[in-house]
Trainee: 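Provided herewith is a single structure, encoded as structure tokens, for subsequent inquiry.
As the structure is a prediction and not an experimental result, all values here were calculated from the model.
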Amino acid sequence: MDDLDKAIINHLQGGLQVCERPYLVAANELGIVEDELITRLASLLERGVLTRIGPLFQIERAGGAFTLAALHAPPEDYDAIAAKVNALPEVAHNYEREHELNMWFVVATETPEQIFDVIKLIEQQTGCAVFNFPKSKEYFVELKLRA
């Protein structure tokens, strides 16, 4: 990753304008052409430096819901259980933790009621009890990580 890649990552963490050509606007702000910005972003994604470029939605405003959930996966079965959990399209951000509840993930659904259906499905497919930690209050921290 060179200095321009770092500048692109740092700049885009502030967001893209909502307009007809947001990459053109961002490229102009970075002093490069739109094609170079798009090519570099594609390369960063392909190399795994970035995993995703996209908006963050407040899902509740669209009628949906998400929750943080956790379970205890026996170490010898961890990978198999993670594969089952990750195979569900409603699951994102699955991380292993050094805690009794060693698998933490986010469940996002189109309706609040579907959260419980997905949790029940995970319990049936894995044999593990899932602990639901719904959001009680939202904080906007605007976390940015310098590249």
Trainee: Where does the angle between the aromatic ring planes of Trp104 and Phe133 fall among parallel (under 30°), tilted (30 to 60°) and perpendicular (over 60°)?
Mentor: parallel

Trainee: State the CD1-CD distance between Ile81 and Gln125, to the nearest 0.5 angstrom.
Mentor: 11.5 Å

Trainee: Might you confirm whether atom CZ of Arg52 has over 12 heavy atoms from other residues, nucleotides or ligands at distances under 6.0 Å?
Mentor: yes

Trainee: Count I, L, V, M, F, W, Y as connected when their side-chain heavy atoms are under 4.5 Å apart, and connections chain through other members. Are Ile32 and Leu24 then in the same cluster?
Mentor: no

Trainee: Do the side chains of Thr109 and Asp117 get nearer than 4.5 Å, heavy atoms only?
Mentor: no

Trainee: Is it true that, when you exclude Asp2 itself, more than 12 heavy atoms of the residues, nucleotides or ligands shown sit nearer than 6.0 Å to its CG?
Mentor: yes

Trainee: Distance check, rounded to the nearest 0.5 Å: Asn10 atom CG versus Lys6 atom NZ?
Mentor: 9.0 Å

Trainee: I need the minimum non-hydrogen distance between Ala129 and Leu71, along with the two atoms involved.
Mentor: O-CB, 3.3 Å

Trainee: Mind listing the closest non-hydrogen atom pair of Cys19 and Val25 along with its distance?
Mentor: SG-CG2, 3.8 Å

Trainee: Quick check: closest heavy atoms across Ala108 and Ile59, and the distance to 0.1 Å?
Mentor: CB-CD1, 4.2 Å

Trainee: Measuring only between side-chain heavy atoms, which start at C-beta, is Asn86 closer than 4.5 Å to Phe105?
Mentor: no

Trainee: Under 4.5 Å between any side-chain heavy atoms of Met103 and Ile122, yes or no?
Mentor: no

Trainee: Taking the side chain as C-beta and beyond, is there a heavy-atom pair between Val85 and Asn94 under 4.5 Å?
Mentor: yes

Trainee: Measuring from atom OG1 of Thr67 to atom CD1 of Ile115, what distance do you get when rounded to the nearest 0.5 angstrom?
Mentor: 5.5 Å

Trainee: Of all heavy-atom pairs between Met1 and Ala147, which one has the smallest distance, and what is that distance?
Mentor: CE-CB, 4.3 Å

Trainee: Which pair of heavy atoms, one from Pro74 and one from Cys128, lies closest together, and at what distance?
Mentor: CD-SG, 4.5 Å

Trainee: Checking Leu4 against Glu36 for the side-chain contact (heavy atoms from CB on, under 4.5 Å) test, could you report, in this order, the C-alpha distance in whole Å, the side-chain angles of both residues, the deciding distance, and whether it holds?
Mentor: CA-CA 10 Å; Leu4 182 54; Glu36 182 173 10; 3.3 Å; yes

Trainee: With the side chain counted from C-beta on, respond yes when Lys135 and Phe66 share a heavy-atom pair under 4.5 Å apart, and no when they do not.
Mentor: yes

Trainee: Any sub-3.5 Å donor-acceptor pair from Glu100's side-chain atoms to His72's backbone N or O?
Mentor: no

Trainee: How long is the straight-line distance from CG of Leu16 back to CD1 of Ile53, given to the nearest 0.5 Å?
Mentor: 8.0 Å

Trainee: More than 12 non-hydrogen atoms from neighbouring residues, nucleotides or ligands closer than 6.0 Å to CD on Glu20, yes or no?
Mentor: no

Trainee: So, the side chain of Glu123 versus the backbone of Val130: is there a donor-acceptor pair under 3.5 Å, distance only?
Mentor: yes

Trainee: Going by heavy atoms in the side chains, are Leu121 and Gln124 under 4.5 Å from each other?
Mentor: yes

Trainee: CD/Glu138 to CD/Gln58 distance, rounded to the nearest 0.5 angstrom?
Mentor: 4.5 Å

Trainee: Taking 4.0 angstrom as the limit, do Lys84 and Asp77 come out as a salt bridge?
Mentor: no

Trainee: With a 4.5 Å limit on heavy-atom distance, are the side chains of Ile9 and Val49 in contact?
Mentor: yes

Trainee: Can you confirm whether Arg47 is buried at CZ, in the sense that more than 12 heavy atoms of other residues, nucleotides or ligands lie under 6.0 Å from that atom?
Mentor: yes

Trainee: May I ask whether Val107 and Leu101 are part of the same hydrophobic cluster, defined by side-chain heavy atoms of I, L, V, M, F, W, Y residues being less than 4.5 angstrom apart, directly or through others?
Mentor: no

Trainee: Mark yes when over 12 heavy atoms from residues, nucleotides or ligands other than Glu110 sit less than 6.0 Å from its CD; otherwise mark no.
Mentor: no

Trainee: What about Val91 and Leu68, same hydrophobic cluster or not, with Ile/Leu/Val/Met/Phe/Trp/Tyr joined at side-chain heavy-atom distances under 4.5 Å?
Mentor: no

Trainee: Taking atom CD as the centre, does Glu46 end up with more than 12 heavy-atom neighbours from other residues, nucleotides or ligands that are less than 6.0 angstrom away?
Mentor: no

Trainee: Are Val118 and Val106 connected in a single hydrophobic cluster, I mean Ile/Leu/Val/Met/Phe/Trp/Tyr linked by side-chain heavy atoms less than 4.5 Å apart?
Mentor: no

Trainee: Tell me, do Leu41 and Leu12 make a side-chain contact under 4.5 Å, heavy atoms counted?
Mentor: yes

Trainee: Where is the tightest heavy-atom contact between Leu45 and Thr51, given as atom of each residue plus distance?
Mentor: CD2-C, 3.8 Å

Trainee: Evaluate the criterion side-chain contact (heavy atoms from CB on, under 4.5 Å) for residue pair Gln114 and Glu90; output intermediate values, then yes/no.
Mentor: CA-CA 9 Å; Gln114 290 174 313; Glu90 297 89 351; over 6 Å; no

